[in-house]
Structures are given as structure tokens and as C-alpha cells.
Amino acid sequence: GAGLTKAEVHPGAAGPGERALRTEATEALARALRKERLTYIALGPLTNLAGFLALHPELAERITRIILVGGRSPERRFRFGPNKSFSVHDANVFKDPAAAAAVLAASRPLVLAPMELAPGMALSGAEMRALQESGEAGNYLFRRTRAWLWFWTGWVGERGGLVFDLLAILPACEPKLIEMEDRWAVLEEGGDLVAFRTRGRGRQRVRFATGIEAGAKARVLGRLKAGRALPEARGVVR
């Protein structure tokens, strides 16, 4: 397993159309925030968080920050492969842009970990096989991502599989391994969440990840192979 018990997993909305509904996820988050302040790590669309903010606005200030795998620099597009010919959209924003707009408008501290940094954490076939043989955590990661490894290497032509979720985990658990700067973000027409280096009309201040330290991947792999999790960030909900 992934180290979570059934009691720690709470189903949320099935899609943007259920954003206004109370779900196990919105109510579990409300209970947790009544106990302590939390960092919210969003590894997918912001539907559940936007629903929570609408249902429990009085608890919004207890979210100390939100870390999202999403957003992009204005001059960048998500193009991958040896010739940068394979293009993808910013899935966590594109799948529910209204939720992203609601979270941006909530004015909670927001950290954007953009997909443009993913090649810096790409895992090669040899690295994945080493994880498979390293223990429970590494074997779980291998089993859950080996199809994506084939996709990114065999189909797209990248040198390794792109593990986007690590981009959000690093700011929470290993902040020294990721470079950040202040930017100002706005949700543009078409569902693009763009983070500019200058202020502008409608733009909200965010922290934006701009680079990954050279030793980040080796440190993460080393801890997985040794069966040790990344340092736990106090008050984190994923």
C-alpha cells in the first residue's frame, strides 16, 4: 500500500458538477482544520478545495498555504520530447478552471509547482527498477507508475518518466531542494493559470517554483530505497 489507511482516505466530488455538494472530503477537511492549521497539497484539480471554501468560509484562514501542481510561466508551454513536439495542457487547472479561480480569489498563500520543472525529477528505467527491488515504498511507486514510464519514454521520447506529484511534495517537506520566487498569477481565458514576474490587474501574489536543486532526485531516491519517507511536514493534508 501507500502507507494510508482506509480511514485516512475521504472521497470527494466526482467532477466539477459536484463542487457545491458536501462530501466526505470537504467535511473531513473541516474537522481537521478545527483541530489545527494545515498546509493543503493539491495533486489534482482544485474541485474539492473550492467546494470546501464555499461551504466553510469561516475555516479558510486556518489553511496556512496551498501547494498546487499547476500554473506556468508566461513564456512557457508544456512541451516535451526530444523535439518538444508533444504538448499537454495544465491538467489540474484545465479540468476545473472555475475551482482554480475560486481558490485564487480566496487569497490564501498559494505555492505553484509547475509541470515545466518535471524533467528535473524524471526517473529512468534503471532508477525505477532499482526502486522496485528496494522495499515496499519503492515497489509501490514502481507498480503504480510503470505504465507512465513507458508512455513518457517509449511514446513521448523523454529520457525518463515524469513524476509530477513530487513537485508539490518538495516545497512542503524539503523546501531547501526547490528554488522559489514571488510572482503574480491570474487565470486567463481558456483556463491558463499564468504566473507573471510583475504585478498587474487581477493578479494575485503567489510563490512560484523556478528550479530544482541538483541533488533533489538523488535524495528522494535514496530515502525511498532505504525505506524512509521524506521528512514529514507538520500539519499537511494531501
Side-chain angles (χ1 to χ4, degrees), residues 12-21 23 25-26 40-55 57 60 63 65-122 148 151-152 155-158 162-168 171 178-212:
E18 295 186 0
R19 192 186 312 118
L21 301 180
T23 65
T26 61
Y40 187 101
I41 299 179
L43 304 180
L46 291 163
T47 306
N48 289 322
L49 181 56
F52 164 81
L53 292 170
L55 292 165
I63 299 177
R65 61 175 172 164
I66 299 159
I67 303 175
L68 169 67
V69 180
R72 67 170 177 84
S73 300
E75 69 277 8
R76 296 290 294 273
R77 292 293 187 273
F78 302 125
R79 299 183 183 277
F80 300 98
N83 299 316
K84 304 301 179 187
S85 58
F86 183 80
S87 178
V88 298
H89 54 67
D90 195 357
N92 292 343
V93 177
F94 183 80
K95 290 180 179 179
D96 194 347
V103 170
L104 194 63
S107 298
R108 300 312 302 147
L110 179 61
V111 177
L112 299 181
M115 290 196 300
E116 61 201 56
L117 296 183
M121 294 296 287
W148 286 109
F151 172 79
W152 285 109
W155 181 262
V156 180
E158 285 285 331
L162 306 186
V163 188
F164 295 107
D165 291 356
L166 283 175
L167 301 175
I178 195 160
E179 300 164 9
M180 310 286 296
E181 67 181 26
D182 286 341
R183 289 202 184 181
W184 287 264
V186 65
L187 191 72
E188 297 187 334
E189 290 186 16
D192 274 340
L193 181 59
V194 184
F196 294 87
R197 288 189 170 89
T198 57
R199 294 178 174 84
R201 184 185 178 99
R203 298 176 187 176
Q204 296 287 333
R205 185 176 180 177
V206 300
R207 291 288 286 168
F208 190 82
T210 58
I212 299 172

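What you see is a predicted model; the values in this text were computed from it and never measured.
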State the CG-CG distance between Leu166 and Leu117, to the nearest 0.5 angstrom.
12.0 Å
Where Pro74 and Phe196 come nearest, the two heavy atoms and their spacing
CB-CE2, 3.7 Å
Distance alone, cut at 3.5 Å: any donor-acceptor contact between the side chains of Glu18 and Thr23?
no
When rounded to the nearest 0.5 angstrom, what distance separates CG in Leu110 from CZ in Arg207?
12.0 Å
Once ring-ring contact (aromatic ring centres under 6.0 Å, His included) is applied, what residue pairs with a partner in residues 67-103 remain, sequence neighbours excluded?
Phe80-Trp152, Phe86-Phe151, His89-Phe94
Ala102: partners by side chain to side chain contact (heavy atoms under 4.5 Å, CB included), with sequence neighbours left out
Ala50
Validation row: Phe52, Ile63 side chains within 4.5 angstrom (heavy atoms)
yes
Contacts table for residues 42-49: side-chain donor-acceptor under 3.5 angstrom, sequence neighbours left out:
| residue | atom | partner | partner atom | Å |
| --- | --- | --- | --- | --- |
| Thr47 | OG1 | Asp96 | OD2 | 2.6 |
| Asn48 | OD1 | Ala13 | N | 2.8 |

Report the distance from atom CZ of Arg203 to atom OG1 of Thr198, rounding to the nearest 0.5 Å.
4.5 Å
So does Arg201 get a backbone contact from the side chain of Arg199, meaning a donor-acceptor N/O pair under 3.5 Å?
no
Is there a donor in the side chain of Ser73 and an acceptor in the side chain of Arg183, or the other way round, less than 3.5 Å apart?
yes
Val163 vs Met121 side-chain heavy atoms within contact, under 4.5 Å:
no
Find the distance between CG (Leu193) and CZ (Arg72) and round it off to the nearest 0.5 Å.
9.0 Å
Mind running side-chain contact (heavy atoms from CB on, under 4.5 Å) on Val103 and Arg108 for me, showing each step along the way?
CA-CA 8 Å; Val103 170; Arg108 300 312 302 147; over 6 Å; no
Taking atom CD of Glu75 as the centre, does the number of heavy atoms from other residues, nucleotides or ligands within less than 6.0 Å exceed 12?
yes
Looking only at non-hydrogen atoms, find the nearest pair between Ala20 and Leu55 and report the distance.
O-CD2, 3.9 Å
Going from OG1 on Thr210 to CG on Leu112, what distance comes out if it is rounded to the nearest 0.5 angstrom?
12.0 Å
For the backbone of Ile212 and the side chain of Glu179, can you confirm whether one donor and one acceptor N or O come within less than 3.5 Å of each other?
no
Identify the heavy atoms of Leu104 and Val186 that sit nearest to each other, and give their distance.
CD2-CA, 4.0 Å
Show the nearest heavy-atom pair for residues Pro171 and Ile67, with the distance to one decimal.
CB-CD1, 4.1 Å
Could you tell me which non-hydrogen atom of Gly157 sits nearest to which non-hydrogen atom of Pro82, and how far apart they are?
O-CD, 3.4 Å
Atom CZ of Arg197 and atom CD of Glu181: how far apart are they, to the nearest 0.5 Å?
4.5 Å
Should we count CH2 of Trp184 as having more than 12 external heavy atoms under 6.0 Å?
yes
Shortest non-hydrogen contact from Ala101 toward Leu187
CB-CD2, 3.7 Å
Contact check, side chains of Lys95 and Pro16, non-hydrogen atoms, under 4.5 Å:
no
